[in-house]
Amino acid sequence: MILEKIKQRLMLMFSLDLRSLALMRILFSLVLLFDILNRSRSIIAGYTDIGVFPRKLLIEYNSEWIFSLHMLNGTWQFQAILLAIAFVFGVMLLAGYKTRLATIISWIFLISLQSRNPMILQGGDVLMRMALFWAIFLPWGRYFSVDSALTPYKPEEKEANNTYFSGATIAYIFQIAMVYWFAALFKTGAEWLQDGTAVYYALSLDQFSTPIGKFLLHIPYFSKVMTPATLLQEGLGPFTFFFPIFTSYFRLFGALSFIGLQAGFGASMHLGPFPFIGIATAAVLLPGLFWDALLTWHKKRKRSQITIYY
């Protein structure tokens, strides 16, 4: 009996809600499609042999053993075809059509594209490919998808299976937690631990700071407060993902806090896809409590509307 309760508790701690998985799929697909469109703008400069990083230079810089379909040909026409194919599978992933296949192909093309020019990658790209890899083993096409419409489930069956637990959910949760844990561990400088000026210096970089970020520089004590707050959030916040008691409430708080953290990063600094992929990967941690409250609010709002019979 005790072992069974421990097992159920562990499963609850490392389960993901199917609706949150679907939300992640939609947000992730939008980021993926935007990334493809954005890279297509510099297709000649970044991915052809007449650009700044031709294939010969990549082999010398890296090695001969590079997994990249984009290495098969150095013309812009070939690169455009590959980007178009990746875009099609990205749209399939967004719609949730043949979701598992679309996920696998999208991951292959993402790895291929990133391997072709590693010089223009950043942390958001690493997080994107890692999250997409674990998504291969997750049923994120179960809700809000064409697949779910083509394979309908009975209402009582859906209610009984809103959560999903597997080795992939454990790996995914720890993957996201480690992103923030190691980010906190690397913050060892005096500007983080003593002076409290790290946020000030970050927002002072003109090439990164947005108008909102520049405005925040002029708020007294903003940097002094947000510097330790960011460090604490990254170091302690991930523990809310799998807290053993009041799991759903702590998970909700943790998911919303990290969504807010990434939204703050994106609003105050130009960081490429990192804040958006950070929001997508944190959204999957929203517990069933969130969706139940949203459904209750929607039902109350629907009942309050006036119905005219004629």
Side-chain angles (χ1 to χ4, degrees), residues 1-29 31-32 93 96 99-100 102-104 106-108 110-111 123-145 147 158-185 233-259 261-262 277-292:
M1 181 66 71
I2 296 178
L3 292 177
E4 184 64 25
K5 288 184 177 180
I6 294 175
K7 178 182 177 181
Q8 292 178 359
R9 177 57 56 179
L10 289 174
M11 290 179 64
L12 178 63
M13 289 165 54
F14 293 100
S15 294
L16 295 174
D17 192 277
L18 291 170
R19 294 160 293 185
S20 298
L21 280 167
L23 177 61
M24 176 193 171
R25 188 197 79 246
I26 294 171
L27 296 177
F28 192 97
S29 301
V31 176
L32 183 64
L93 189 60
T99 309
R100 182 63 58 84
T103 304
I104 295 173
S106 294
W107 180 73
I108 292 174
L110 181 64
I111 293 294
D125 298 302
V126 178
L127 181 56
M128 187 183 300
R129 67 172 180 259
M130 293 303 298
L132 190 57
F133 170 77
W134 292 119
I136 294 174
F137 309 99
L138 296 171
W140 63 348
R142 179 71 177 271
Y143 276 82
F144 316 141
S145 64
D147 288 343
K158 275 196 170 185
E159 292 173 4
N161 294 280
N162 276 340
T163 58
Y164 179 76
F165 170 80
S166 70
T169 61
I170 298 175
Y172 178 85
I173 294 174
F174 272 113
Q175 177 74 72
I176 302 305
M178 285 190 290
V179 168
Y180 295 105
W181 280 335
F182 282 97
L185 289 173
Q233 171 76 14
E234 292 179 342
L236 300 179
F239 288 104
T240 61
F241 298 164
F242 34 80
F243 212 71
I245 59 174
F246 303 110
T247 306
S248 294
Y249 293 97
F250 277 99
R251 176 82 61 88
L252 177 63
F253 174 78
L256 292 178
S257 63
F258 277 103
I259 289 173
L261 179 69
Q262 293 294 343
I277 195 63
I279 291 174
T281 53
V284 75
L285 297 167
L286 290 170
L289 180 70
F290 170 82
W291 296 102
D292 295 340

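The figures that follow rest on heavy atoms only: side chains count, while hydrogens, waters and symmetry mates do not. The structure presented is a predicted model; accordingly, all values stated were derived computationally and were not measured.
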Hey, what do you get for CD1 (Ile277) to CE (Met24), rounding to the nearest 0.5 Å? 6.5 Å
To the closest 0.5 Å, what do you measure between CZ (Phe28) and CG (Leu132)? 4.0 Å
In terms of ring plane angle, is the pair Phe137 and Phe133 parallel, tilted or perpendicular, where the classes change at 30° and 60°? perpendicular
Got a second to check how far Met13's CE is from Ile245's CD1, nearest 0.5 Å? 11.0 Å
Restricting to non-hydrogen atoms, name the atom on Leu110 and the atom on Arg129 that form the minimum distance, rounded to 0.1 Å. CD2-CA, 3.7 Å
Test item: Arg100 side-chain N/O and Ile136 main-chain N/O as donor-acceptor pair under 3.5 Å: yes
Spacing of CZ belonging to Phe258 relative to CD1 belonging to Ile176, to within rounding of 0.5 Å: 10.0 Å
Nearest non-hydrogen partners of Ile259 and Ala283, listed with the distance: CD1-CA, 4.0 Å
List the atom of Ala177, the atom of Phe242, and the distance in Å for their closest heavy-atom pair. CB-CE2, 4.4 Å
So Ile173 and Leu16, side chain to side chain contact (heavy atoms under 4.5 Å, CB included) or not? Walk me through it. CA-CA 9 Å; Ile173 294 174; Leu16 295 174; 4.1 Å; yes
Is there a donor-acceptor contact under 3.5 Å from the side chain of Asp147 to the main chain of Thr99? yes
Might you point out which heavy atoms bring Arg251 and Leu285 nearest each other, and give the distance in Å? CG-O, 2.8 Å
Can you check side chain to side chain contact (heavy atoms under 4.5 Å, CB included) on Asp292 and Arg19, steps first, answer last? CA-CA 11 Å; Asp292 295 340; Arg19 294 160 293 185; 3.6 Å; yes
Counting the benzene-type ring for Trp, do Phe165 and Phe14 have ring centres under 6.0 Å apart? no
Under the side chain to side chain contact (heavy atoms under 4.5 Å, CB included) test against Trp140, which residue among Leu23, Leu21, Ile26, Val284 passes? Leu21
Do you know which two heavy atoms are closest between Ala282 and Ala255, and how far apart they sit? O-CB, 3.8 Å
Are the aromatic rings of Phe253 and Phe243 close, with centres under 6.0 Å apart? no
From OG1 (Thr247) to CG (Leu252), nearest 0.5 Å: 12.5 Å
State whether a side-chain donor-acceptor pair under 3.5 Å links Ser20 with Trp291. yes
Please check if the side chain of Arg9 supplies one atom and the backbone of Pro244 the other of a donor-acceptor pair under 3.5 Å. yes
Would you mind checking if Asp17 and Arg142 are paired as a salt bridge, meaning a charged N to carboxylate O distance below 4.0 Å? no
Can you check whether Leu93's main-chain N or O pairs, donor with acceptor, with Arg25's side chain at less than 3.5 Å? yes
In terms of ring plane angle, is the pair Tyr249 and Phe246 parallel, tilted or perpendicular, where the classes change at 30° and 60°? perpendicular
Distance in Å, Thr281 OG1 paired with Leu127 CG, rounded so as to fall on 0.5 Å steps: 4.5 Å
